[in-house]
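Here's the structure, in structure tokens; my notes come after.
As the structure is a prediction and not an experimental result, all values here were calculated from the model. The sequence lines fix the lettering, A, B, ..., with proteins before strands; numbering per chain opens at 1.
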Number of protein chains: 2
Amino acid sequence: MVDVARHAGVSLKTVSRVVNKAPNVQQELVDRVLAAVDELGFRRNQLASALRSGQQTSTVGLLIEEIANPFYATIAQVAAEVAAGFDSLLITASSEEDPVREERLLRDLCARRVDGLLVVPAGYDHSFLRAEVEQGIPVVFLDRPAGGLVADTVLLDNRGGARAGVEHLLGEGHRRIGVLLDSIGVYTMRERLGGAQEALGAAGLPYDSHLVCDGVRDPVTAAQAVAQMLDAPDPPTAFFALNNRITVGVVQELWHRNSTASVVGFDDFELSHLMPLPLTVIAYDTRELARQAAELLFARIAKQNLWPRTVVLPTRLVNRGLR
Amino acid sequence: MVDVARHAGVSLKTVSRVVNKAPNVQQELVDRVLAAVDELGFRRNQLASALRSGQQTSTVGLLIEEIANPFYATIAQVAAEVAAGFDSLLITASSEEDPVREERLLRDLCARRVDGLLVVPAGYDHSFLRAEVEQGIPVVFLDRPAGGLVADTVLLDNRGGARAGVEHLLGEGHRRIGVLLDSIGVYTMRERLGGAQEALGAAGLPYDSHLVCDGVRDPVTAAQAVAQMLDAPDPPTAFFALNNRITVGVVQELWHRNSTASVVGFDDFELSHLMPLPLTVIAYDTRELARQAAELLFARIAKQNLWPRTVVLPTRLVNRGLR
DNA sequence: ACCGACTTCGACAACGTTGTATGGAGTGGG
DNA sequence: CCCACTCCATACAACGTTGTCGAAGTCGGT
């Protein structure tokens, strides 16, 4: 900028005014400065600008589990769209479900002085963020609540969705329903399992541990679990898969066996309507989840110190009955 | 940092040394400083640090079309993984195939002084990046080459893959093969169409414009195009879909009609093996594409001024014959 | 006792930008 | 003709950090 000023024969500050489109600069000087900017290939340094002018890096941090997962990719997409409306960019970081990594990344993002944080929490304790929040970095959690920290949160109605899914199967006459979940350690899985058990309990069906399978992390494990359940005495006649990876594995195994068991899966996914079996899913609007979270974040960035809000978004059952 | 220094009764510079784990500081002072840091909740400001110490923001920019697309999401994931190995984070920006937006975003990323850029180009002309490259920001292009700029590039063998796909259909005895593509304006589509036509030409089949359908942007359009081709006189007996969105639409329409036409699709996708029809695809290693590009970028960041390289990665035909 | 090498720490300037205070030129009213 | 006022441009300091240099202290060897 010094060079530009010299080249245009004006002061440093005048250059600053021109590149920031500030008023009160003669047109002639504006032209001279712009010419110099062009000639020298000058680019304003955002770092220095943000450093000097208090805080506005026009950058928000997004912490998710892994960007390759379509659910998180959609969140990233929408968050970026909303951010673009505020001339902001997104720094996306993946925690890979490791609380230690999560904390390191969040601290790093704060050190970069992002304007705000959008977090799908992996760990249980986020109290370390309190200092940052008090220093003025707004945080919005989505999909799962934070631990040890009162903050804005946008969630799905996991419990209600799961209840609806099980009720659907009960309505079809099923009485033995196999439930498969990723890990009871994950908030969403606990909620969904809770909802499923509420519905089973309300129908007067006793809890049967043989019908619940924890630790199903991928489609292959899901297929094995289904096989094992079907080969056991008094097998289930229907399955409720608590996420879409599990659903895929269940469908694959049932199709492989030509089984006629019914399936309801939590989470819709891109090609669910092309699956070789009739598949009913509990769907929700991932874009809406992300949109609400991102807009809440930017509202907080614009106007601090409002009471934290929690928003719960509905799910809906998509019935793709028999073909 | 000034406050910390005062609080610990040491100089500013000593605090700097401690937080950067520089040598030659008495253990006692280290402890005093760390205590003060803890007590005051001090966080080093990365912006100021990067500003002062020349250039190292530990941030790289990734420009893609849209993060929600699994192809780009995979690229983002791998790029972030590689970046993490260099203690860097990723700023991901979506051009949405708009060259104007692309240029704006790239300039913005440069203004943020990212250490390097990973770009899936949307526009035709990237000469505006030359100034930035000369200023020392390395750029690696992937999936498509840059326009008007010699730079490192990592590509797929689109042409060879398409040739193999068509040869596969020819080998099955098909002589009328419908080819559907997104847009001739996109580099990958041009290459793939070129490869397909090479294979058809080599088999002595004349060019038939009724068998090529441009402008197929989504599965619905693809289904319509397939319907139209099948309803025309002398319909194709096989289809070659030049990307996975098109493939899905083709499969959907053929399945809907109980058609026995063969399909080869460029791009593998997550549930391709569960499609209701036998589906052969031209697959490639997206992770490898991204890995090579990201590693090339960090090599350039570490050691500038090497001659630009172009890497072409192979594709492979995954034959999922009749069921 | 003296020298040189090494260790430890602090004062100061600088990175590239913007906020603040100030000065000088031009305008209009009394 | 002077004063108050607006408009435009400049000089200077400051944001939070790190590089440079030099001062002070320590230690071993002569």
Rounded to the nearest 0.5 Å, what separation is found between the CG atom of Asp108(A) and the CD1 atom of Ile91(A)?
8.0 Å
Check: Thr153(A)/Arg144(A) side-chain N/O donor and acceptor closer than 3.5 Å
no
I want to verify a distance call: between dG16(C), dG19(C), dA9(D), whose nearest atom is closest to the Ser53(A) side chain?
dG19(C)
Do the rings of His126(B) and Phe141(B) sit parallel, tilted or perpendicular, given the 30° and 60° boundaries?
perpendicular
Rounded to whole angstroms, how far apart are CD on Gln46(A) and C1' on dG16(D)?
17 Å
Stretch residues 31-45 of chain B: residues that reach within less than 4.0 Å of DNA chain D through a heavy atom:
Phe42(B), Arg43(B), Arg44(B), Asn45(B)
Under 4.0 Å between any heavy atoms, over every strand shown, what does Val2(A) touch: base, sugar-phosphate, or nothing? Just pick one.
nothing
Of dC8(D), dT8(C), dG16(C), the nucleotide closest to the side chain of Asn24(B) is dT8(C)
Is there a donor in the side chain of Asp31(A) and an acceptor in the side chain of Gln27(A), or the other way round, less than 3.5 Å apart?
yes
With a 4.0 Å limit, can you tell me whether Ser49(A) has a side-chain N or O closer than that to the phosphate oxygens OP1/OP2 of dT18(C)?
yes
Restricting to non-hydrogen atoms, name the atom on Ile67(B) and the atom on Ala76(B) that form the minimum distance, rounded to 0.1 Å.
CD1-CB, 3.7 Å
How many Å lie between CD on Gln27(B) and P on dT7(C), as a whole number?
17 Å
Can you sort out the partners of Glu295(B) under side-chain contact (heavy atoms from CB on, under 4.5 Å), two or more places apart, ordered by chain and number?
Val82(B), Arg291(B)
Please report, rounded to the nearest Å, how far the C1' atom of dT18(D) is from the CG atom of Leu51(B).
10 Å
Please report, rounded to the nearest Å, how far the P atom of dG19(D) is from the CG atom of Leu12(B).
13 Å
Please report the distance, rounded to the nearest Å, between NZ in Lys13(A) and P in dC7(D).
18 Å
Ser16(A) has a side chain; which of dA11(D), dT18(C), dG10(C) sits nearest to it?
dT18(C)
Using a distance-only criterion (donor-acceptor N/O pair, under 3.5 Å, no hydrogens), is the base of dT17(D) paired with the side chain of Arg52(B)?
no
Looking at dT7(C), I'd like to know if its phosphate oxygens (OP1 or OP2) sit under 4.0 Å from a side-chain N or O belonging to Gln26(B).
no
Arg6(B) has an atom CZ; how far is it from atom P of dG16(D), in whole Å?
12 Å
Let's see if you can work this out: which of dA11(C), dC8(D), dG19(C) has an atom nearest to the side-chain heavy atoms of Ser11(B)?
dA11(C)
Take atom CG of Leu29(B) and atom C1' of dT8(C), then tell me their distance rounded to the nearest Å.
9 Å
Would you check if the side chain of Ser88(A) reaches a backbone N or O of Ala84(A) as a donor-acceptor pair within less than 3.5 Å?
no
Calculate the interatomic distance between Leu47(A) atom CG and dT17(D) atom P; express it in whole Å.
13 Å
